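This report concerns only the one structure given below.
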There are 2 protein chains.
Amino acid sequence: MDGVPKLVTDLLMPGREGGYAKGYETRELILRTALHILIEEGYRAMSMRRIAGACGMRLGNLTYHYPTREDLVRELLNAVISSYEVEFGAIVHAPGLEPEERLTRLCNLIIEDIGSKKTTRLFPELWALANHDAFVYERVHELYDRARAPLIEIIAEMRPDLPEKDRLDLGLFISASMEGLTVFAGYQMPFAQRMPAVEHIAIRSFIDIVRSFQPA
Amino acid sequence: MDGVPKLVTDLLMPGREGGYAKGYETRELILRTALHILIEEGYRAMSMRRIAGACGMRLGNLTYHYPTREDLVRELLNAVISSYEVEFGAIVHAPGLEPEERLTRLCNLIIEDIGSKKTTRLFPELWALANHDAFVYERVHELYDRARAPLIEIIAEMRPDLPEKDRLDLGLFISASMEGLTVFAGYQMPFAQRMPAVEHIAIRSFIDIVRSFQPA
DNA sequence: TCCAAATTAGGACAGTTGACAATTTTATGA
DNA sequence: TCATAAAATTGTCAACTGTCCTAATTTGGA
């Protein structure tokens, strides 16, 4: 937990003065525990009783803080998505660097995150949930839009001659392409130990395609 | 169901002479129904009672054909994976075509499949399941290995000068990259109507990177 | 036709789930 | 100190889950 932003207090209630309202430490604990179970054991295992037990509290107390399971899931999702938005938002501003170098760094950072167990486990769960839950769909969709924004910004710097439509297409391809690595990063063999080489190929490919793209 | 291969009879028991054993039509129906529910409503909704109900049979009858839920899930997975293997296996042999043209066709076919609702819904479910189920993990892993084989074959034709390791890396990048489109193909906006353009960018990018790759 | 096997139906079981209500404990502030 | 609200406990509820068992029915072959 060292330095990791707290889900609720730091993200859902940023910079609240005079401390936080009572019970927010508990809500915080609940969400972190729920997320842990979701990542380690999957959505099916993330029952109210399982969460309560892992928190060391009784079911009734959990439903006091989150009356329904849907309440809990929604706040968890908001917190998780917010944490990713904060992470990617920090990349946008890196003055004094060539756009290609910034593209490389951005891709490196995203791919590094993609390689983490948290992301490789969490996002497949979210994709599956999004298929049948409009709220999850909405939030994940929103996250991708925000994550794509700095990417498209850099593309615009590299190719000011392109119409916006083409820049969007390039951004969509690159982001989708990187997202695909999430699926494979979860596999141990033969992908895991080849990840650095594949990452290198990916970034080279991205730079090449942006540099050489010819509008139809 | 016109022309669509039957899950069990056509794939798990291909070319069985003298017809199929009794009860295989029922097992067929069960698997198709289960798959339909899995795609349309998700893994959670795919309960034994739900499947039986959708098949127009009683629970006891379903458990006669599949004593445990795990039996059903495993055979369903085997059938689904087999159907994809059959699909991709047909691509390998297309004599008299330049390797680049074959790469383009292969990518087109995969991307076309990726755009189908069946695939965009099913695979996120499988990824999520694979995270916490060794059997699902194994089968999905296997499928990707098989799907990558023809791709790497074409890469070998295009770049016989490269060591095998580099060809594998290129194949991994391209397949992972295409798989990433699955995630986004499920989204209605803004990706869906941009899919053709992104597909074009993707294939151009793949050809370029294979053609111009320089070993370290 | 008739027997035996395959199939279907129906019921029951223990376990789990989310939600809720009544209650007690704890913390807070005047 | 004490009243008040917040927090946590305990127990209950109907609904649902997978599994198992037995009886009825249908089917196919001799």
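Everything numeric in this text was worked out from a predicted model, so none of it was measured. Convention: sequence-line order gives letters A, B, ...; per-chain numbering from 1.
- Atom C1' of nucleotide D:dC20 and atom CG of B:Asp71 are separated by 14 Å, given to the nearest angstrom.
- The phosphate of C:dT17 has OP1 or OP2 within less than 4.0 Å of a side-chain N or O from A:Ser47.
- Using a 4.0 Å heavy-atom cutoff across all strands shown, B:Thr63 reaches at least one base atom of the nucleic acid.
- With respect to B:Arg167 and B:Glu164, no salt bridge is recorded, no charged nitrogen being found less than 4.0 Å from a carboxylate O.
- Counting non-hydrogen atoms under 4.0 angstrom, B:Arg69 reaches the backbone sugars and phosphates but no base.
- We find that A:Glu40 and A:Lys117 are joined by a salt bridge, their nearest charged nitrogen and carboxylate oxygen being less than 4.0 Å apart.
- Distance from the side chain of B:Met48 is smallest for D:dG18 among the nucleotides C:dT8, D:dG18, D:dA7.
- Checking the phosphate oxygens (OP1, OP2) of D:dA7, a side-chain nitrogen or oxygen of A:Tyr64 falls inside 4.0 Å.
- Atom CZ of A:Arg74 and atom C1' of C:dG18 are 16 Å apart (whole Å).
- The existence of a salt bridge linking A:Glu28 and A:Arg32 is confirmed by a sub-4.0 Å separation between a basic side-chain nitrogen and an acidic carboxylate oxygen.
- Atom CG of A:Leu59 is separated from atom P of C:dG18 by 8 Å (rounded to the nearest Å).
- For the pair B:Arg27 CZ and C:dT7 C1', the interatomic distance rounds to 13 Å; values are reported in whole Å.
- Put simply, CD1 on A:Ile37 is 11 Å from P on C:dT17, counting in whole angstrom units.
- One side chain, A:Ser205 or B:Ser205, offers a donor N or O that lies under 3.5 Å from an acceptor on the other.
- At the phosphate of D:dA6, neither OP1 nor OP2 sits under 4.0 Å from any side-chain N or O atom of A:His65.
- The interatomic distance linking B:Arg49 (CZ) with C:dC13 (P) rounds to 14 Å, in whole Å.
- Between the CD atom of A:Glu25 and the C1' atom of C:dA27 there is a distance of 13 Å, rounded to whole Å.
- A cation-pi contact, defined as under 6.0 Å to the ring centre and within 45° of the axis, is absent between A:Arg44 and B:Tyr43.
- The residue among A:Arg58 and A:Arg44 whose nearest nucleotide of DNA chain D is located toward the 5' end is A:Arg58.
- D:dT25 atom P lies 19 Å from atom CE of B:Met57, rounded to whole Å.
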